[in-house]
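Read through the structure below, which is laid out as structure tokens, and then see the notes.
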Amino acid sequence: MEALHRVAKKVSDTIWEIPVSYKEGMRVPARIYATEKLIKDIDEGVIDQITNVATLPGITKYALCMPDGHFGYGFPIGGVAAMDVEQGGVISPGGIGFDINCGMRLVVTNLTYKDVKPHIKQLVDKLYKSVPAGVGSKGFVKLSRNDFRQVLQQGARWCVDNGYGWEADLELMEENGCLAGANPDKVSEKAIDRGFNQIGTLGSGNHYLEIQVAKKENIYDRELARAFGITIPDQVVIMFHCGSRGFGHQVATDYLQVFLKVMESKYGIKVLDRELACAPFDSPEGQAYFAAMQCGINMSFANRQVILHRIREVFSEVFGRSAEDLGLEMVYDVAHNTAKLEQHIVDGQARSLLVHRKGATRAFGPDMSDVPEAYKVYGQPVIIGGSMETGSYLLAGVPTGDQTFFSTAHGSGRKMSRTKARKTWSGDVLQKEMLSKGIYVRSTSASGLAEEAGGAYKNVDDVIEAAELAGISKRVARLTPIGNIKG
DNA sequence: ATGTTC
């Protein structure tokens, strides 16, 4: 993009740095991760947004934008910002996203493409019924509001204790599927009302559940693939993408209002965009949002856990074998809309940082804390949802990820607005075209399907290449869709 | 993303 070439210094083939002189108030430079090829697809607005982020109190080292970055609410989607909580660092809902702990889960099977192909229509049709999708969808798990508060505190553990999943699942999730700081007392009744019947639901927009094939020619690192459970040629896997539904949305909405009231009057913080509303992490308001936001994180882990349970039921029914027998085991579960307190070394000093990742995935390298024992020597699995037409990726974190506080991309990244995508494609035609390409897709909404057309996204291969060249994650396997339920 | 404009 012309504008970025003009304002940024090219630090390497994949890093563009905008200096603090670009805009008054910038505390640190902004860095955008992209190859020359990707630069042309980056929204002009991303430059403005990421440099706004660079003015926030406590921001450390850089305001970062991942290679799938695009325009978002306040922060770009793909934004990463680490705030030093001992230096007045802030917490900002715009740096986390409305869909708190929107994330990805990947599950393997011991089936091959040949095994699954004759059943794909039946599998997708049954999954479509079992995993409610679309706006306003309700789950089959019937909870009281007080049960739901337990879910908010316990996350995926609640599900396993109540028959939705296996003990071994918990080990294979970011944070083991639960953050301890969640406090339901900091959540509004309205948020509880919106969320208590949404456990086990997919949602809408770019949320989906997909059956994919790890084609043998698309394995980039055989050792890592094996470690992560991809062991047979043309193995079938299941990937899904969803979040905290109306619950997380309400938590974000509630605290944006709280922060707007106190930000300037009580804390003297001025932001360049109201969408960057924030409060000091160490303030009562900041701590309350942090505790409520962790409820959103736990709700979302629980949501994905119940969906996994439903997937196991459907596969078991279709193949007439138990889920254990079908090898329906977790690879991993990653969050890509969070802020988490982490220790990082910055210029040789250990710092306590609140790392905002908004449309960005944590990608811890080998031997780091919270990487499951089974993956410790390899680094954390990173699950990248591409578009439903083109494909997705399994990656791993790498030691050189420290440059982004161990963060990488989260998906392909939109390059076309939803409005424009709706005008460009017809959902019905797209569905037929995808079927002819070997992808059986069902959606609650034809226009919603059109919004998610592959052409509305950047090329996922380019995004992943940029992340690998930059040294923030490495490719393990590319995954090809054969069936998709789109919310 | 979102009871898709409290």
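Lettering of chains follows the sequences in order, A, B, ..., and the numbering in each one begins at 1. Keep in mind it's a predicted model, so treat the numbers as computed, not measured. The figures here come from the full heavy-atom set of this structure, side chains too, leaving out hydrogens, waters and symmetry mates.
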Validation row, ring centre [X] to ring centre [Y] under 6.0 Å:
X: A:Tyr332; Y: A:Phe228; result: no
X: A:His241; Y: A:His336; result: yes
X: A:Phe196; Y: A:Phe148; result: no

Rounded to whole angstrom units, what separation is found between the [atom1] atom of [X] and the [atom2] atom of [N]?
X: A:Ile77; N: B:dT2; atom1: CD1; atom2: P; value: 13 Å
X: A:Gln250; N: B:dG3; atom1: CD; atom2: P; value: 10 Å
X: A:Gln257; N: B:dT2; atom1: CD; atom2: C1'; value: 14 Å
X: A:Lys190; N: B:dT2; atom1: NZ; atom2: P; value: 16 Å
X: A:Phe98; N: B:dC6; atom1: CZ; atom2: P; value: 12 Å
X: A:Asp254; N: B:dC6; atom1: CG; atom2: P; value: 14 Å
X: A:Leu256; N: B:dT2; atom1: CG; atom2: P; value: 16 Å

Need one value for [X]: base, sugar-phosphate or nothing, where a base atom within 4.0 Å counts as base even if backbone is also close, heavy atoms only.
X: A:Gly205; answer: sugar-phosphate
X: A:Gly97; answer: nothing
X: A:Arg418; answer: sugar-phosphate
X: A:Lys358; answer: nothing
X: A:Gly203; answer: sugar-phosphate

DNA chain B: 5'-proximal contact among A:His249 and A:Val135 (nearest heavy atom):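 Per heavy-atom nearest nucleotide, the more 5' residue is A:His249.
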Could you tell me whether the phosphate oxygens of B:dT2, OP1 or OP2, come under 4.0 Å of any side-chain nitrogen or oxygen in A:Arg194?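 Result: no.
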Tell me every residue that passes side-chain hydrogen bond (donor to acceptor under 3.5 Å, both in side chains) with A:Thr390, counting only those two or more places apart in sequence or in another chain.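 With sequence neighbours excluded, A:Thr390 shows a side-chain hydrogen bond (donor to acceptor under 3.5 Å, both in side chains) to A:Ser387, given in chain and number order.
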Under 4.0 Å from any atom of DNA chain B, heavy atoms only: list the residues of residues 442-452 of chain A that qualify, in numerical order.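 Those residues: none at all.
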Shortest non-hydrogen separation from A:Val441 to A:Gln431 and the atoms involved: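 Here A:Val441 and A:Gln431 meet closest at O-NE2, 2.7 Å.
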Would you call the rings of A:Phe98 and A:Tyr73 parallel, tilted or perpendicular, where under 30° means parallel and over 60° means perpendicular?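 Judged by the thresholds at 30° and 60°, the geometry between A:Phe98 and A:Tyr73 is perpendicular.
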